[in-house]
Novice: 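To start, I am sharing the structure in question, which I have written as structure tokens.
Please read all numbers here as calculations on a predicted model, not as lab measurements.
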Amino acid sequence: MVEVIRTLSKKKHARLELIRPNVSLRSKPILYTIDLFSGAGGITEGFRQAGYECLYANDSGPEAIQTFALNHPESWADCKDVEKVRPRDIRGRLGIAKGELDV
């Protein structure tokens, strides 16, 4: 869930208040991403928390992509040089058409 923190100021003292959105992310359509140069998946985790689903991730570092796979088992984690990634092959395996990804 996405949350916002705002500062409420009263004279010399300020306090933080957590504001929760009125609409659940579950009621919104799922948005899809891929993550190139993914590392361990920090960006993917941020997108996941914002309601996105990562379909594919690529990194050339075996340790990084193994960590990504542990952090995001729902995604296809691919370890190879990005120059060898063929978008057509990725779309074909994922069953998506050109232009269907959100990010």
Side-chain angles (χ1 to χ4, degrees):
M1 180 183 305
V2 177
E3 298 173 338
V4 177
I5 297 176
R6 72 175 170 189
T7 304
L8 298 175
S9 160
K10 291 184 179 181
K11 297 185 183 178
K12 294 182 182 177
H13 302 286
R15 73 181 175 95
L16 297 177
E17 177 183 277
L18 187 62
I19 302 170
R20 298 188 187 273
N22 293 333
V23 178
S24 169
L25 290 176
R26 301 211 190 291
S27 66
K28 295 183 181 179
I30 295 175
L31 300 170
Y32 295 102
T33 69
I34 63 168
D35 190 349
L36 302 177
F37 311 100
S38 66
I43 296 286
T44 291
E45 180 59 21
F47 274 109
R48 186 195 65 76
Q49 290 180 21
Y52 290 72
E53 183 179 325
C54 181
L55 301 175
Y56 170 81
N58 170 269
D59 198 280
S60 62
E63 297 85 3
I65 209 67
Q66 288 171 355
T67 303
F68 183 97
L70 289 171
N71 289 332
H72 305 285
E74 70 286 351
S75 301
W76 168 21
D78 189 20
C79 185
K80 64 181 165 188
D81 291 331
V82 74
E83 295 91 7
K84 295 179 181 174
V85 173
R86 297 183 56 194
R88 181 180 298 187
D89 295 343
I90 303 303
R91 287 192 310 270
R93 179 165 169 186
L94 294 174
I96 59 175
K98 192 172 188 176
E100 284 190 314
L101 285 173
D102 298 295
V103 179

Novice: Looking only at heavy atoms, what is the nearest atom pair of Y32 and Y52, with distance?
Specialist: N-CD2, 4.5 Å
Novice: Taking all non-hydrogen atoms of both residues into account, name the closest pair between A40 and N71 and its distance.
Specialist: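 Scanning both residues, the minimum pair turns out to be O-ND2, 3.0 Å.
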Novice: Determine whether F37 and I34 fall in the same hydrophobic cluster, where Ile, Leu, Val, Met, Phe, Trp and Tyr are linked whenever their side-chain heavy atoms lie under 4.5 Å apart.
Specialist: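 F37 clusters together with I34.
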Novice: For L94, I'd like to know if atom CG has over 12 heavy atoms of other residues, nucleotides or ligands within 6.0 Å.
Specialist: yes
Novice: What about I43 and V103, same hydrophobic cluster or not, with Ile/Leu/Val/Met/Phe/Trp/Tyr joined at side-chain heavy-atom distances under 4.5 Å?
Specialist: yes
Novice: Applying side chain to side chain contact (heavy atoms under 4.5 Å, CB included), run through W76 and I90 and close with a yes or a no.
Specialist: CA-CA 10 Å; W76 168 21; I90 303 303; 3.5 Å; yes
Novice: Give every residue pair that meets the side chain to side chain donor-acceptor pair (under 3.5 Å) criterion with at least one member in residues 54-67, sequence neighbours excluded.
Specialist: Y56-D78
Novice: Is there a side-chain contact between I96 and L101, using heavy atoms and a 4.5 Å cut-off?
Specialist: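 A side-chain contact exists here, since the closest heavy-atom pair is under 4.5 Å.
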Novice: Which heavy atom of G41 sits nearest to which heavy atom of F68, and what is that distance?
Specialist: CA-CD1, 3.3 Å
Novice: Determine yes or no for a side-chain-to-main-chain donor-acceptor pair under 3.5 angstrom, with H72 supplying the side chain and C54 the backbone.
Specialist: no
Novice: Can you pull out every side chain to side chain donor-acceptor pair (under 3.5 Å) where at least one residue sits in residues 36-45? Sequence neighbours excluded, please.
Specialist: D35-T44, E45-R48, E45-Q49
Novice: How far does OG1 of T33 sit from CZ of F47, to the nearest 0.5 angstrom?
Specialist: 6.5 Å
